[in-house]
Every structure is written in C-alpha cells, then in structure tokens.
Amino acid sequence: MTRVRIKDILKTTPTNQTITVKGWVRTFRNNSFIALNDGSTNNNLQIVVDFTNTPEEILKRITTGAAISATGTLIASQGKGQTVEVKATSVEIIGDSDAEKYPLQPKKHSLEFLREIAHLRFRTNTFGAVFRVRNSLAFAVHKFFNEKGFLYIHTPIISASDAEGAGETFHVTNFDLSNIPKDEAGAVDHKQDFFGKSVNLTVSGQLEGELAAMAFSDIYTFGPTFRAENSNTTRHLAEFWMIEPEMAFYELKDNMDLAEEMLQYIIKHALENNLEDIEFLSQRLEEEEKQKPQNERSELSLLDKLKFCIDNKFERVTYTQAIEILRESNHNKKKKFTYLVDKWGVDLQSEHERYLVEKHFKKPVILTDYPKEIKSFYMRQNDDGKTVAAMDILFPGIGEIVGGSQREERLDKLETRMSEMGIPVEELSWYLDTRRFGTCPHAGFGLGFERLVLFITGMTNIRDVIPFPRTPKNCEF
RNA sequence: UCCUUCUUAGCUCAGCUGGUUAGAGCACAUGACUGUUAAUCAUGGGGUCCCUGGUUCGAGCCCAGGAGAGGGAGCCA
C-alpha cells in the first residue's frame with residue numbers, strides 16, 4: 001500500500017478507510033498513542049495502538065525519533081486535540097532510534113543547542129515550520145519574476161572579479177596548498193593555477209546580471225553568494241542566497257516600486273500558502289517575548305506585522321531628510337545615540353536605521369539618494385553632484401534587507417568615478433562595453449534571501465533560517 | 001576584528017564567604033496505570049564542574065593563558 005502524507009490525511013473525512021502512513025515518532029504516550037510526523041506539516045497524526053494485542057518487542061521500539069510505518073483505519077478521534085486518528089492494525093519499525101542516545105527529547109530545546117545538531121533539527125516543530133516557509137518563499141520569488149516576464153539568469157559562482165568591492169572574497173584554487181608555485185618575485189604564480197589567474201567565489205551576480213539586462217531587458221538571479229568577511233552577527237553569513245534583479249530602462253523610482261511590489265507579493269504568498277506554519281512561528285515568538293521586559297517586546301505579533309507590511313506602503317525618504325529627522329529627534333538631542341548625528345555625509349549606523357524604522361516611521365523604510373562617498377562606483381550620480389541614485393530598504397528588526405540603485409549608464413561619468421575610487425578600468429572593460437554599445441538607463445537591487453526568511457519567520461538569528469549555516473570558524477555538516 | 005556575557009548530568013539551570021559525599025526539573029530506564037495531548041505516580045542509573053597551568057592545607061568557586069558559544073558594534077545582503 002502506498003504512503004499517504006499526513007498533511008493530506010488530516011484534511012480527510014474519516015470513513016473507516018484503511019491507510020498506511022510512514023514517518024518519525026515524536027512522542028509515544030501511555031503505550032497507546034503515537035504522535036507521528038512526516039514533515040509535510042507541523043501537525044502530528046495520532047496513531048492509536050492496541051497494546052494488549054501488540055507484541056512487547058514492537059512497543060519497546062516505538063521510541064522518539066524512530067521511523068515507523070503504520071497501517072490502520074482512519075477514524076474520528078475519540079480524544080480532544082485532533083479530529084482524526086488512525087486505529088492501527090499493524091505497526092512496523094522501519095528504523096530504530098535509541099531513546100537514550102537520541103539528542104532530541106520530547107521537550108523544549110534551546111535554539112543554540114539545536115544549532116549544534118543541525119542535522120537533526122529539521123525534525124523539530126520550529127525548524128520544520130522555518131524550512132517549509134523558506135521553501136515557499138523561494139518558490140514565490142521565482143513565481144513573481146516569472147509572472148512579470150523576467151528572465152532567470154544563472155550568473156557564475158566562480159568569478160574573476162570582486163570589482164564591486166562588496167567584501168572579502170574566498171579564493172578558489174587548485175594549487176597544492178603545501179607547495180604553492182611562486183614567480184620570480186616570490187609572489188603566488190596564479191598563471192599556473194587551474195584558471196590561469198586569481199579567481200574567487202562570487203560576492204554578487206550584479207555585474208553579470210547587468211550584461212544580461214542589456215539584452216533581455218528584465219532579468220534576475222537567485223543563487224548562492226560568498227563573503228569572507230569576519231562578521232559575527234545575527235544577520236551575516238559567509239554563504240548566503242541573494243536575489244538580484246536588473247532592469248533596463250528602469251530609473252530609481254521604478255526600481256523602488258518593483259522591490260516593494262516584490263516584497264509584498266512574497267509576504268502575501270507566504271500568508272496564503274503557509275499560514276499554519278506562520279501562525280505557529282508567531283505563537284512561538286510571542287512565548288519567547290514573554291521572557292523579555294515589557295518595553296522590549298514588540299507591539300505587533302509576527303502575523304500582524306506581516307499583514308501590516310502588505311497593507312501599507314513603505315515610507316520613502318531621502319538620506320538628506322533622514323539625517324534631518326535624526327538630527328532633530330529627541331533621541332539625538334538627549335544624546336541617546338552612541339554615534340550622534342551632527343552633519344550631512346556621515347554613514348548611518350545600525351542604531352540610526354533602527355530608530356527610523358522602529359521608532360519614527362514604525363514601518364519599512366526606503367532610504368534614497370545617499371552621498372556618493374559612502375556608496376559603490378556603479379551607482380548613478382545625481383545632478384546635485386553630491387548624491388547617487390541609491391536605495392536601501394530597511395525592515396524592522398532586520399535592518400537593511402535590500403540594497404540597490406540606478407546604475408551609472410554614462411561611460412565618461414562611470415570611468416571618472418572608477419578612477420577616483422581606484423577601480424581598475426581595464427579589468428572591467430567587458431562591463432564598460434555595455435556603456436559603449438547601446439547604453440541605457442537601468443537599475444537593480446540585491447535582496448538577501450535569509451534576511452527575508454528571518455523577517456517572515458520571526459526568527460532572530462540568521463543561522464536558524466538556513467539549513468547549514470557557514471560563519472567564521474564554523475563549517476559543520 | 002573590537003566590546004561584553006557565558007561554559008556544572010543527555011537538555012535547561014541552581015551551587016552560599018574557597019571546606020569534606022556537587023543538586024533540581026525535564027529526558028532516559030524499570031514498574032504501576034491505561035483515551036493520552038510535553039500524560040500521571042513510584043523507583044533507579046547518570047558528572048573529565050570546557051581545557052592547561054597557578055595560588056591554597058583544601059578550588060566547581062580565586063588568578064593567568066587557551067578553546068567554544070551567546071549578545072552588541074563594524075563590514076554588508
């Protein structure tokens with residue numbers, strides 16, 4: 001008999017039909033009641049075993065974590081807490097689980113502990129919900145762009161350029177590391193390496209994405225990205241997934257509109273398709289917040305926060321306006337910021353972003369038109385000569401979730417800016433070709449997928465929204 | 001990388017002013033019970049007190065160094 005998914009069974013009207021289910025035991029109570037989970041939903045299916053007619057050896061092997069197959073009739077549950085249950089006629093142990101050694105106990109575990117057993121944490125309610133939501137979000141990203149007629153481009157993972165200057169790169173080499181070829185000057189001789197030059201894991205697919213956009217008009221990438229930064233925070237990973245759309249004939253406003261529409265689309269998709277899991281996560285977060293002092297608790301539940309995001313426009317303010325708001329804030333006047341906001345041109349600190357998003361506007365904020373000095377070379381220079389057409393989207397609790405800009409399409413302006421910032425023009429001649437041949441206004445942005453998953457699941461550490469997080473000094477599994 | 005907190009049973013944590021045999025709850029095992037919902041009750045087993053060195057009659061506790069983890073900052077997505 002074929003296996004039926006528990007998610008489907010729970011929606012089925014019981015008519016004494018015979019079914020077979022397979023999954024992993026969550027708990028076994030009273031020698032009678034198995035809570036069975038197969039990962040299709042957080043809800044367990046209750047299997048009722050008649051222990052008087054079941055061999056003792058089988059009963060002993062129904063332990064937390066064991067894989068079992070159960071066949072029986074689907075009936076309306078006699079107990080509270082579930083509507084249907086399976087009255088088992090046979091239970092087969094597929095894979096034993098020594099209860100004494102199995103690390104997951106039928107009790108609450110800390111996220112830190114579960115992180116150490118990331119290979120098993122999929123089997124918990126929290127991570128089950130998180131990774132089902134993550135899957136759904138990834139699908140929603142593709143669905144959104146596909147519906148908009150965007151082309152999905154696979155930009156390279158191994159790249160010769162880190163020209164964006166987005167961060168430290170991981171080197172990729174085929175050298176015998178205990179015997180690295182050197183040239184006459186004593187430097188590493190990359191000519192002898194696999195690619196004949198120094199290459200690295202990609203830090204962004206943007207530059208390659210721009211090339212494709214200059215032919216297909218609207219494209220996006222969605223792939224892994226690598227940064228060798230020694231960042232130890234709850235929102236940085238050495239390996240993370242990034243969504244990077246790039247659109248020809250888009251200006252900054254079009255770019256913002258698209259980003260906002262996309263974020264709202266994805267959140268809506270999650271609420272429509274993963275409500276059960278999000279409700280669970282929302283409740284989980286509320287429980288957790290009860291531990292905190294009153295003034296640190298968030299005013300809205302996760303569910304309300306997500307609904308709020310799709311029902312309200314994001315606030316759009318320029319960097320200059322933001323500086324004014326911060327400078328005039330009581331927070332600044334009472335010197336509550338570690339870094340006081342005094343003059344135009346300073347980069348905004350996390351505390352400033354948090355203040356704008358969480359205290360002042362209390363909703364997602366799009367900050368635009370930053371001073372050119374604190375932004376990348378490829379961003380389009382505004383007519384004021386001081387700012388560039390950049391936009392960052394800031395989310396409550398997360399900070400920067402999207403970073404984007406209108407790109408500088410004017411060759412002379414781009415080259416001047418590159419030499420000012422010490423970017424080697426020759427190495428990027430392929431990039432500059434797009435400005436030489438049929439250049440046009442275009443724009444794009446990067447969205448850190450894990451930060452989006454963080455926001456939508458209400459988790460607080462980015463290491464808990466990717467199956468196997470890679471962070472400094474940590475590459476397990 | 002910097003600042004800061006932490007590391008005691010499988011997990012979450014107590015452990016007094018440095019004092020003799022290191023505790024609790026949960027988990028686990030055994031038994032009882034048998035329509036339970038993190039079942040309940042009884043009994044039991046379980047410890048490299050993160051590591052190395054030092055101070056002391058005596059260190060889980062004090063000191064030094066190291067490792068790992070959490071939180072914050074910077075860098076960013």
Side-chain angles (χ1 to χ4, degrees), chain A residues 26-35 43-52 59-60 63-65 75 77-82 85 87 97-117 120 124-125 164-168 203-206 222 224-244 259 291 296 337-339 347-354 374-376 392-395 398-404 445-455 460-466 471-474 476:
Chain A
R26 284 287 174 85
T27 61
F28 183 38
R29 281 185 296 270
N30 252 16
N31 238 359
S32 305
F33 305 99
I34 303 170
N43 298 314
N44 301 323
L45 177 64
Q46 176 154 287
I47 313 288
V48 185
V49 181
D50 177 8
F51 65 88
T52 54
L59 291 174
K60 286 249 183 278
T63 55
T64 303
I75 58 169
S77 179
Q78 296 172 36
K80 289 168 187 163
Q82 63 278 317
E85 65 189 20
K87 193 172 162 59
S97 173
D98 184 342
E100 210 166 337
K101 291 180 183 148
Y102 187 56
L104 289 175
Q105 302 157 3
K107 58 171 282 195
K108 199 171 165 58
H109 287 296
S110 69
L111 294 174
E112 290 81 9
F113 171 66
L114 292 172
R115 215 171 283 149
E116 291 171 22
I117 50 165
L120 296 171
T124 64
N125 282 333
E164 199 202 347
E168 288 292 311
V203 291
S204 163
Q206 183 200 317
F222 184 3
T225 310
F226 309 88
R227 307 254 168 109
E229 298 287 347
N230 191 8
S231 299
N232 294 287
T233 79
T234 52
R235 37 182 211 289
H236 287 88
L237 291 165
E239 176 183 295
F240 63 102
W241 288 67
M242 189 149 67
I243 296 144
E244 294 176 286
Q291 313 293 319
E296 283 176 32
F337 287 128
T338 310
Y339 297 90
D347 208 349
L348 296 179
Q349 306 289 319
S350 293
E351 55 175 346
H352 304 139
E353 294 180 351
R354 293 188 85 104
I374 58 175
K375 286 291 178 180
S376 302
D392 285 356
I393 302 185
L394 311 176
F395 263 35
I398 316 285
E400 188 178 342
I401 194 165
V402 164
F445 60 85
L447 167 72
F449 184 56
E450 281 75 17
R451 290 191 181 172
L452 182 64
V453 182
L454 264 186
F455 181 72
T460 49
N461 192 318
I462 203 162
R463 295 167 201 133
D464 295 330
V465 297
I466 189 167
T471 52
K473 299 270 190 302
N474 192 349
E476 294 299 316

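Proteins come first, then strands; the chains are lettered A, B, ... in the order of their sequence lines, and each starts at number 1.
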What protein N or O atoms touch nucleotides 48-51 of chain B N or O atoms at under 3.5 angstrom, if any, and at what distances?
none

Side-chain donor/acceptor of [X] to backbone N/O of [Y], under 3.5 Å:
X	Y	value
A/His352	A/Tyr339	yes
A/Glu239	A/Phe226	no
A/Glu85	A/Gln46	no
A/Thr64	A/Ala99	no
A/Ser32	A/Asn30	yes

Classify [X] by what it touches in the nucleic acid, base, sugar-phosphate, or nothing, heavy-atom distance under 4.0 Å.
X	value
A/Lys87	nothing
A/Glu85	base
A/Phe449	nothing
A/Lys101	nothing
A/Gly79	base
A/Thr234	sugar-phosphate
A/Leu452	nothing

Would you say a side-chain N or O of [X] is under 4.0 Å from OP1 or OP2 of [N]?
X	N	result
A/Asn30	B/U34	no
A/Arg29	B/A39	yes
A/Gln349	B/G74	yes
A/Ser231	B/G74	no
A/Arg354	B/G72	no
A/Ser110	B/U12	yes
A/Asn232	B/G70	no
A/Arg26	B/A38	no
A/Ser350	B/G74	yes

Pairwise [atom1] distance for [N] and [M], with rounding to whole Å:
N	M	atom1	value
B/C63	B/C11	P	27 Å
B/A29	B/A39	P	13 Å
B/U1	B/C57	C1'	45 Å
B/G68	B/G54	P	24 Å
B/G45	B/A9	C1'	11 Å
B/A73	B/C26	C1'	37 Å
B/C3	B/G10	P	34 Å
B/A27	B/G46	C1'	11 Å

### Task
Please report the C-alpha distance between A/Trp241 and A/Thr225 in whole Å, then the side-chain angles of each, then the deciding distance to 0.1 Å, and finally whether the side chain to side chain contact (heavy atoms under 4.5 Å, CB included) criterion is met.
CA-CA 6 Å; A/Trp241 288 67; A/Thr225 310; over 6 Å; no
#### Entry: Intra- and interstrand pairs of RNA chain B - dot-bracket, Watson-Crick/G-U under 3.5 Å, | marks other strand
(((((((..((((.....[...)))).(((((.......))))).....(((((..]....))))))))))))....
Spacing between [X] atom [atom1] and [N] atom [atom2], to the nearest angstrom:
X	N	atom1	atom2	answer
A/Gln206	B/C76	CD	P	14 Å
A/Gln46	B/U37	CD	P	10 Å
A/Asn474	B/A67	CG	C1'	14 Å
A/Lys108	B/G25	NZ	C1'	16 Å
A/Phe28	B/A39	CZ	P	12 Å
A/His109	B/C11	NE2	C1'	6 Å
A/Lys107	B/C11	NZ	P	9 Å
A/Glu450	B/C76	CD	C1'	14 Å

Rounded to the nearest 0.5 Å, how far does [atom2] of [Y] lie from [atom1] of [X]?
X	Y	atom1	atom2	value
A/Phe445	A/Glu244	CZ	CD	10.0 Å
A/Phe337	A/Arg354	CZ	CZ	12.0 Å
A/Leu394	A/Ile401	CG	CD1	10.0 Å

### Message
Both A/Gly448 and A/Pro472 contact RNA chain B. Taking the nearest nucleotide for each, which residue is further toward the 5' end?
### Response
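In this pair, the answer is A/Pro472.
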### RNA chain B: 5'-proximal contact among A/Lys473 and A/Met242 (nearest heavy atom)
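First, find each residue's nearest nucleotide; the 5'-ward one identifies A/Lys473.
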Kindly point out which of [options] is positioned nearest to the side chain of [X]?
X	options	value
A/Asn31	B/U34, B/C28, B/G35	B/U34
A/Gln105	B/G35, B/A73, B/A27	B/A27
A/Phe33	B/G71, B/U36, B/A73	B/U36
A/Arg227	B/C76, B/U30, B/C28	B/C76
A/Phe113	B/U12, B/C75, B/G71	B/U12

### Task
Assess whether one donor atom and one acceptor atom, taken from the side chain of A/Glu112 and the base of B/U12, lie less than 3.5 Å apart.
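Between B/U12 and A/Glu112, which were checked side chain against base, a qualifying N/O pair under 3.5 Å is absent.
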### Task
Determine whether A/Val49 and A/Asn31 make a side-chain contact, defined as any pair of heavy atoms from C-beta on separated by less than 4.5 Å.
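They are not in side-chain contact.
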### Query
Hey, does A/Ile117 have a side-chain heavy atom less than 4.5 Å from the side chain of A/His109?
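Not in contact.
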### Message
Apply side chain to side chain contact (heavy atoms under 4.5 Å, CB included) to residues A/Arg235 and A/Ser350 and explain how you reach the verdict.
### Response
CA-CA 12 Å; A/Arg235 37 182 211 289; A/Ser350 293; 3.8 Å; yes
### Message
What verdict does the side chain to side chain contact (heavy atoms under 4.5 Å, CB included) test give for A/Leu114 and A/Leu104, after you've listed the backbone C-alpha separation in whole Å, the side-chain angles of each residue and the deciding distance to 0.1 Å?
### Response
CA-CA 9 Å; A/Leu114 292 172; A/Leu104 289 175; 3.5 Å; yes
